[in-house]
Amino acid sequence: MAEPDTVAGLTAALHDGGYLADRGLATALLVGLRLHRPVLLEGEVGVGKTEVAKTLATVLGRRLIRLQCYEGIDTAQALYEWDYARQLLRIRALQDHQAGSAEVTEELFGPEFLVERPLLAAVRAGAGAVLLVDEIDRADDEFEAFLLELLSDFQVTVPEIGTIVAPSPPLVVLTSNRTRELHDALKRRCLYHWLDYPGADREAEIVRVREPGVEPALVRQVVAAVRRLRELDLAKPPGVAETIDWARMLRFLGDDTLDERAVADTLGAVVKDRDDLDVVRAHLAELTSGG
């Protein structure tokens, strides 16, 4: 399909892909797409930061390349590695050839020895990809600085091969749960959007889009209950993903109303912390008091 060139067009395309984006998010994504700017999405866990990148790749017909960040990730794990074992086997196979010939040298330092990791894959794919750098806040400062440099020019220098330049930049979406503050230099390079919990009506609409078989009355009850859960002192408040999971589980079990029994039986879909379970069980009546 042709890529959307208006905010309304991108919003509609995301909706068709099962993602409801507000105008601010769709605007940031469209500008990032058209002006080749990375988009940094911050917000609570489970509000749809990762999902929007997945949906974008689907509706744009691009390859999704995901780099999941974690503590201790280094450039080799994110960019590329050199396959020394395979190169050694090739050296042994070429021992009968003249050691210094240009043909042998070319065979020993060919691109087939390059093990592609997500960032190099994104550079090679260029505009044919959506690069998702997920949970960048989990990586350390050094990796963040390296990533900033890569995002500036989208080229990689491999000593054995040379410089690989993206034919055109991929769309880059970075997500952060704010476990630590990102550096201003990275934020300046990106367009920024904060994803908050949606309002009740919008959250209900999201559930209906993702789980159209759930009865509207049950959707309203689930959304109201989740919003009450977010008001409690929980270590891990439920996100929109948990709201969808809860509605899906209730539908699967054949429940058409959210009473105390249904809540007690299905809490595992929405509460994911042992201490939080104790807190929630003390408020079961509040969760089922209306919707």
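Residue numbers start at 1 and run along the sequence shown. No hydrogens, no waters, no symmetry mates; every other heavy atom, side chains included, goes into these values.
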[X] side-chain N/O to [Y] backbone N/O, donor-acceptor pair under 3.5 Å:
X      : Y      : result
Arg63  : Ala125 : no
Arg208 : Val219 : no
Lys49  : Trp194 : no
Arg37  : Gly32  : no
Arg251 : Glu215 : no
Glu203 : Ala200 : no
Arg230 : Pro238 : yes
Glu144 : His183 : yes
Asp137 : Thr179 : yes

Interatomic spacing from [atom1] in [X] to [atom2] in [Y] - rounded to 0.5 Å:
X      : Y      : atom1 : atom2 : result
Leu195 : Thr175 : CG    : OG1   : 10.0 Å
Glu242 : Arg248 : CD    : CZ    : 11.0 Å
Arg261 : Thr288 : CZ    : OG1   : 11.5 Å
Thr11  : Leu25  : OG1   : CG    : 8.0 Å
Leu191 : Leu41  : CG    : CG    : 10.0 Å
Thr6   : Arg34  : OG1   : CZ    : 9.5 Å

Practice item. Could you identify which residues cluster with Val45, counting Ile, Leu, Val, Met, Phe, Trp and Tyr as linked when any side-chain heavy atoms lie under 4.5 Å apart, either directly or through a chain of such contacts? Key: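 Once heavy-atom contacts under 4.5 Å are chained together, Val45 still belongs with nothing else.
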Check your understanding: Could you walk me through whether Leu174 and Leu147 pass the side chain to side chain contact (heavy atoms under 4.5 Å, CB included) check?
Key -> CA-CA 11 Å; Leu174 303 96; Leu147 186 64; 3.7 Å; yes
Group every Ile, Leu, Val, Met, Phe, Trp and Tyr by side-chain heavy-atom contacts under 4.5 Å, then state whether [X] and [Y] land in the same group.
X      : Y      : answer
Met249 : Val270 : no
Leu119 : Ile73  : yes
Leu148 : Val165 : no
Tyr70  : Leu131 : yes

Kindly give the heavy-atom pair with the smallest separation between [X] and [Y], and that separation in Å.
X      : Y      : value
Cys69  : Ala139 : CB-CB, 4.2 Å
Val7   : Arg23  : CG1-NH1, 3.6 Å
Pro170 : Ala129 : CB-O, 3.5 Å
Ala264 : Leu284 : CB-CD1, 4.4 Å
Ala247 : Val207 : CB-CG1, 3.7 Å
Pro4   : Leu33  : O-CD2, 4.5 Å

Sub-4.5 Å side-chain heavy-atom contact between [X] and [Y]:
X      : Y      : answer
Tyr197 : Val226 : no
Pro237 : Leu232 : no
Asp22  : Arg202 : yes
Asp273 : Leu234 : no
Val214 : Val222 : no
Trp246 : Leu218 : no
Leu40  : Leu182 : yes
Leu29  : His193 : no

Point to revise | salt bridge (charged side-chain N to carboxylate O under 4.0 Å, His left out) between Glu3 and Arg62, intermediate numbers included | key: CA-CA 10 Å; Glu3 293 190 351; Arg62 296 189 178 196; 3.0 Å; yes
Count the heavy atoms belonging to other residues, nucleotides or ligands that lie under 6.0 Å from [atom1] of [X], then report whether that count exceeds 12.
X      : atom1 : answer
Asp233 : CG    : no
Tyr192 : OH    : yes
Asp196 : CG    : yes

Review point. How far apart are the C-alpha atoms of Lys54 and Asp134, what are their side-chain angles, what is the distance that settles it, and do they pass the salt bridge (charged side-chain N to carboxylate O under 4.0 Å, His left out) test?
Key: CA-CA 11 Å; Lys54 295 179 179 179; Asp134 216 4; over 6 Å; no
Practice item. Answer yes or no: is there an ion pair linking Asp276 with Lys272, defined by an N-O contact shorter than 4.0 Å? Key: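 Here Asp276 does not pair with Lys272 in a salt bridge, since their nearest N and O are not under 4.0 Å apart.
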Review point. Salt-bridged, Lys187 to Asp184, with N to O below 4.0 Å?
Key: no
[X]: what forms a side chain to side chain contact (heavy atoms under 4.5 Å, CB included) with it, not counting sequence neighbours?
X      : value
Asp74  : Ala76, Gln77
Thr55  : Leu14, Tyr19, Glu51, Val59
Glu142 : Asp140

Practice item. Can you sort out the partners of Glu135 under side chain to side chain donor-acceptor pair (under 3.5 Å), two or more places apart, ordered by chain and number? Key: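 Per chain and number, Glu135 pairs via side chain to side chain donor-acceptor pair (under 3.5 Å) with Gln68, Arg138, Asn177.
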**Study point:** With sequence neighbours excluded, residues passing ring pair (Phe, Tyr, Trp, His ring centres under 6.0 Å) with Phe146
**Key:** Phe143
Review point. Run the side chain to side chain contact (heavy atoms under 4.5 Å, CB included) check on Leu20 and His15 step by step: do they pass?
Key: CA-CA 5 Å; Leu20 273 66; His15 184 282; 3.7 Å; yes
Point to revise | Full working for side chain to side chain contact (heavy atoms under 4.5 Å, CB included) between Val123 and Leu150 | key: CA-CA 9 Å; Val123 169; Leu150 179 72; 4.2 Å; yes
Exercise for review: Test side chain to side chain contact (heavy atoms under 4.5 Å, CB included) on Leu287 and Leu258 and set out the steps.
Suggested key: CA-CA 9 Å; Leu287 300 181; Leu258 193 64; 5.9 Å; no
